[in-house]
Amino acid sequence: MSRAHTRTAPTIQLATILAWIAFALVMLVTLFPVYWVLRTALSDYKEIYVQTFVLWPVGFTLDNFKRVLGMFSAEQSVAMGGTATGINFWLYLRNSIIVSTFLVAGQTFFSAMSAYAFARLRFPGRDQLFFLYLTAMMIPGVVTLIPNFILIRDLKWLDTFQGIMAPGFLMTPFTVFFLRQFFLGINHELEEAATLDGASIPMIFWRVALPLSIPALSTLAILQFIATWNDYLWPFLVGKNEAVRVLTVALAIFQSQTPQGAPDWGGLMAGTALSLVPTLVIFLVFGRRAVNAIQFTGFR
Amino acid sequence: MTTHRQPRLAARREALYAWAFVAPSLIGFLVFFAVPSVRGLLMSFTNWDLLRPAKFVGLANYVRLFSDADFLHALKVTAYYVLMNIPIQTTLALGIAVMMDKFSKSTIIRGILVLPWLLPNIVVALIWLWLLDPTMGFLNQIIMALGFQRQPFLGSTDQAMPTIAAINIWRHAGYTAILLYAGLQTIPKEIYEAASIDGANERQMFFGITIPLLRPVLVFVLVTTIIGSFQIFDTIAITTKGGPVDATRVVYWYIYEYAFVRFKMGYATTISVALFVILITITFIQMRYFNANSSDLD
Amino acid sequence: MRSRINALALALSIAASMLLVACGGAAAPAAEPTAAPEAAAATEAPAATEATAAPAAEAVTIRYGLWDGNQQPAYEACAAAFTAENPGITVKVEQAGWGDYWNGVQTGMVSDTAPDVFTNHLAKYPEFASKEQLVDLKPFIDRDGVDTNQYLAGLADLWGRDGKTYGLPKDWDTIAVVYNQDMLDKAGVTVDELNNADWNAKDGGSFGQIIKKLTLDANGKNALDADFDKTTVVQYGFIPGGSGGAYGQTQWSHWAVSNGFKFNDGLYATKYYYDDPKLAETIQWYANLNLVDGVAPTLADVKSLGANALFTGGKGALTTDGSWMIGAYTKDTKFKTGFARLPKGPEGRKSMFNGLADSIWVGSKHQEESWQWLKFASSPACENIVGSYGVVFPAVQSGVDAALAAYTAKGIDVSAFTAQATEANGTFLFPVTDYASEIGPIMDALMDSIMLGEKTAVDGLKEGNDQVNALFQ
């Protein structure tokens, strides 16, 4: 609880003001295109290419959102510049939540186990194996895509949740690498104390290392959750079936239908805005948790 | 740790536990990364059109690679991209992380910063395609309102690659900042207190404490973002498709073009192997240079 | 614990899949195209393995792939009509946008999961055919006595090679001029003038004059005016649809062919004539609209969002586009649009005549049922339904009539497209050859550099011609 004393009393200086201005600028540049998504989603489809220099939604309408949520018939959708293919938003939302939650839970836990071994335990071949894991990050996805797809087919896992989750469920090189670096960065002292108290390795991992790394674990889990949420090509190939189709795959119907065609901007942006809500909520809720965890671990 | 005092039995037990800890991830690694990659490597010695049985051609694909001017061009374009992307993105992210650490721990601000990264890739590319459109894009409207000539951005051979770099910096800077910020939290504040009592100024503390202690995380960020930016693909696939002419035909797009446009899987995997070797070399040098296996806390 | 269970599950399923491969080895799709009678027999084997899932037997579901979402309701209506006639067969329509669609078909073929019947494209099918992925329909056609003369002239021929047939036509498209009525009115250009315009590669003919008349700078002066400032254009006379790559289907093929150019010597030719001076002068004229005259936007302007977006945004008065884009031009614009005839070139009016067809994938486990569906989908019964939705021109005349009625009901005059299709020598066919997937990337890059003014048409096309013809060596 030494935080209160860490900072020297803030004196308003020119540098601080400049820093704030720079920070505000970063925020603005960050936010504007995201705002543009919302603005387009709320605009009338006929105005989209016409009034491009207007900051607020043109011809304000909620039709795009209603269309994505399936509140119009196919004919009405087509008349509104959309496609006739309906999207079952709530089902796809559920599927996205299932896939992202279970995948990230498995991935984080198993990656943490091996990352701990790589960072703390001694065993022959450790560094070589770790470097091998790292190399997996450098393999272009094009190479593994088709073999993995065929494997999933052979397992009869096409159009199943486990098929979508399988490749990342036990590890990704990224998560193992991330957690290993964090385990390296945290203090050994508590673990050493536990060892002297006679605790076994799994016990230390479970009771000491994991609680200490909650900030890192939750940060990673959130990041991976979102990455999974936004993943497209793999679930497109493996999970075409309605029952397991995730949101990103469903949103693709708003992209251009023909080689020359333009995307259905209104539908795409409204769909994106809607699919953004769950990830944003998760980030804000669990992101706060992560911050609190940092403050309560009490070792700094 | 305390290995020297441990009896051998304990060491063996530790190794046993370690393998048990590593086992699940090892299965995932072998099944979904190692085996398919080895198959890919074998593919590079064949001509395979995906649908008919592969034909063994020995080293023919590799011979071809060394005289392929387009591959060389793709390498150059990729290097150009990486050299623009990494320094700017990392500096910017570090700046944002330090500012977040100093001024605000607000989750809202962190939420805003990762927003670009919450958007699906397709949408990011499409939204920028639109904002940067030469005639109807918002940015060009501002440029013209300020009395300047409108810019072609993605449509010109000179500006396309820098524009793509800018889009990806926009997308990833906040995210990278979050990673670095998480790393900053592991630095004990007492060290700063001690340094400030000793009369160190902000600059000295940044270069003397923050950077060295952030090293494991910084190395992680650099290694992953460099590997990632060598594999730049999504944004290009949606905005420029390697064009105009061949201005944005990066290695990864070149691989994709051979694999799924020209259906020459053998040559596509040959290029992949080349890219893989390049990345391994760079990563190996990085890990050595930064001595990534330890933090200065040890 | 969980890891162990998972590993166990993995091991079990790997073992199970190996078992499956071992047993099902015979049922796996042979690389050779199956002849019709054998295909009928082959459908029984997989039916037996699926017996546990569907004890009623006979109930077969055909997966049908298409990319144009606008056509999905039409084909779903067809599928319902088909199932009503053939109660044992259900058709599941699967739609994915252009890029994903081909990705899905390709990986589907590799992994034995492609749709049974899928919409095929002329630039794609020769490759699939040469890789033995398409069922030869000829035995089926002969057996059931399907009359391929029911399709508009030439359409059926596009889908055959060496006595085999890989698809039955379902629709066709031509190119026409799209205009912004408001801009014509303001410039005092009539639709009649536009319909009767002529064109040549030297100065653009009267069509070139109309383009200039419709181009306005910031001072309201048009491009015929001596004081016209091409650096401040606010309204372009013409919006090119991009560089057009290897075929220029909606971009330059109509200009080039009406100037006497031909791509090659017909179906499955082994030599392209991209170095033809007639093509070079056409392409140079096309590029100079922007580079010299300033009456068209730059390639950069067109490339990002497409000609359709610029036109919809009111940036230009004219463009050329295909009949499948009719809906996009009429319902998404705030101003009145119309379609005019292509101008008359030295060799007359010429439009590329392109069509889609359905093909059956060799890996389909229900080839007989697939054929039944394909036959239905390209018969008047279905094509009249498709026509009535007014989104595309079906390949049979009665379907075209239904489509015309539907367009008329919507108040859209599409005669510019149909007149072109029925005019004597008014169309030329899409150049179907091998190596399409390699010709594409080569010509894309070269046409780009010509449009950007980095290469002259003569040099760029010579270079492209050499590279393309080298593929056939």
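Chain A is the first sequence line, chain B the second, and so forth, proteins listed ahead of strands; every chain is numbered from 1.
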Which one, [options], leads in non-hydrogen pairs under 4.5 Å with chain B?
| options | answer |
| --- | --- |
| Ile150(A), Leu134(A), Leu132(A) | Leu132(A) |
| Ile146(A), Leu220(A), Asp231(A) | Ile146(A) |
| Leu251(A), Leu247(A), Leu223(A), Leu55(A) | Leu223(A) |
| Ala117(A), Pro167(A), Ala136(A), Ala227(A) | Pro167(A) |

Measure the acute angle between the ring planes of Phe178(A) and Phe220(B), then classify it against the limits of 30° and 60° as parallel, tilted or perpendicular.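 Geometry flag for Phe220(B) against Phe178(A): perpendicular rings.
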Would you call the rings of Trp36(A) and Trp130(B) parallel, tilted or perpendicular if under 30° counts as parallel and over 60° as perpendicular?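 Trp36(A) and Trp130(B): perpendicular rings.
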Select one option (side chain, backbone, both, neither) describing which atoms of [X] are under 4.5 Å from chain B's heavy atoms.
| X | value |
| --- | --- |
| Tyr116(A) | side chain |
| Val26(A) | side chain |
| Leu233(A) | neither |
| Trp229(A) | neither |

Can you check side chain to side chain contact (heavy atoms under 4.5 Å, CB included) on Leu16(B) and Phe123(A), steps first, answer last? CA-CA 8 Å; Leu16(B) 221 63; Phe123(A) 60 101; over 6 Å; no
In the structure I gave you, are the side-chain heavy atoms of [X] and [Y] within less than 4.5 Å of one another anywhere?
| X | Y | answer |
| --- | --- | --- |
| Phe32(B) | Leu151(A) | yes |
| Met27(A) | Leu113(B) | yes |
| Phe284(B) | Phe131(A) | yes |
| Asn230(A) | Asn121(B) | no |
| Pro33(A) | Leu131(B) | yes |
| Pro116(B) | Thr30(A) | yes |

If I compare all heavy atoms of [X] with all of [Y], which pair ends up nearest, and what's the gap?
| X | Y | value |
| --- | --- | --- |
| Glu14(B) | Arg120(A) | OE2-O, 4.0 Å |
| Ala20(B) | Met113(A) | O-CE, 4.0 Å |
| Leu179(B) | Phe182(A) | O-CZ, 4.5 Å |
| Met136(B) | Tyr49(A) | SD-O, 3.5 Å |
| Phe33(B) | Thr144(A) | O-CG2, 4.2 Å |
| Phe276(B) | Thr135(A) | CE1-O, 3.2 Å |

At a heavy-atom distance under 4.5 Å, which candidate from [options] has the highest pair count against chain A?
| options | value |
| --- | --- |
| Tyr256(B), Phe233(B), Phe230(B), Phe260(B) | Phe260(B) |
| Ile227(B), Ile271(B), Leu118(B) | Leu118(B) |
| Leu115(B), Leu275(B), Thr269(B), Asp133(B) | Leu115(B) |

Answer yes or no: is there a donor N or O on one side and an acceptor on the other, between the side chain of Asn148(A) and the main chain of Pro36(B), under 3.5 Å?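 Pair absent, no side-chain N/O of Asn148(A) close to backbone of Pro36(B).
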Indicate yes or no for a side-chain donor-acceptor contact from Gln231(B) to the backbone of Met137(A) under 3.5 Å, with no hydrogens or angles considered.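 Here the side-chain-to-backbone pair exists.
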Decide if the gap between the ring center of Phe138(B) and the ring center of Phe32(A) is smaller than 6.0 angstrom.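 Between Phe138(B) and Phe32(A), the centre distance is under 6.0 Å.
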Is it the case that more than 12 heavy atoms not belonging to Arg39(A) sit under 6.0 Å from its CZ atom?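 Check passes, neighbour count above 12.
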Chain A contact via [X] - side chain, backbone, both or neither, heavy atoms under 4.5 Å:
| X | result |
| --- | --- |
| Leu126(B) | both |
| Ile96(B) | both |
| Tyr175(B) | side chain |
| Ala18(B) | both |
| Phe29(B) | both |
| Ala268(B) | neither |
| Ile142(B) | both |

For Trp19(B) and Leu129(A), run side chain to side chain contact (heavy atoms under 4.5 Å, CB included): C-alpha distance rounded to whole Å, both residues' side-chain angles, the deciding distance at 0.1 Å, then the answer. CA-CA 11 Å; Trp19(B) 281 105; Leu129(A) 186 64; 4.1 Å; yes
Separation between [atom1] of [X] and [atom2] of [Y], rounded to the nearest 0.5 Å:
| X | Y | atom1 | atom2 | result |
| --- | --- | --- | --- | --- |
| Leu279(B) | Ile139(A) | CG | CD1 | 10.5 Å |
| Phe53(A) | Met144(B) | CZ | CE | 8.0 Å |
| Gln181(A) | Leu214(B) | CD | CG | 11.0 Å |

Got a list of side-chain donor-acceptor pairs under 3.5 Å for residues 170-177 of chain A, not counting sequence neighbours?
| from | atom 1 | to | atom 2 | distance (Å) |
| --- | --- | --- | --- | --- |
| Thr172(A) | OG1 | Phe174(A) | N | 3.4 |
| Thr172(A) | OG1 | Thr175(A) | N | 3.0 |
| Thr172(A) | OG1 | Thr175(A) | OG1 | 2.9 |
| Thr175(A) | OG1 | Ser111(A) | OG | 2.9 |
| Thr175(A) | OG1 | Thr172(A) | N | 3.2 |
| Thr175(A) | OG1 | Thr172(A) | O | 2.9 |

My understanding is that only residues two or more places apart in sequence, or in another chain, count here; which of them pass side chain to side chain donor-acceptor pair (under 3.5 Å) with Tyr232(A)?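 Listed in chain order: Asp100(C).
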Derivation and outcome, side chain to side chain contact (heavy atoms under 4.5 Å, CB included), residues Val22(B) and Arg126(A): CA-CA 10 Å; Val22(B) 170; Arg126(A) 179 184 72 175; over 6 Å; no
Donor + acceptor pair across side chains of Ser25(B), Tyr133(A) (<3.5 Å):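 Short answer, yes.
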Give the C-alpha distance, both sets of side-chain angles, the deciding distance and a yes or no for side chain to side chain contact (heavy atoms under 4.5 Å, CB included) between Val143(A) and Met43(B). CA-CA 9 Å; Val143(A) 176; Met43(B) 246 186 261; 5.7 Å; no
Between Ile127(B), Ile112(B), Leu119(B), which is the residue that forms a side-chain contact (heavy atoms from CB on, under 4.5 Å) with Val34(A)?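 Of the listed residues Ile127(B), Ile112(B), Leu119(B), the side-chain contact (heavy atoms from CB on, under 4.5 Å) partner of Val34(A) is Leu119(B).
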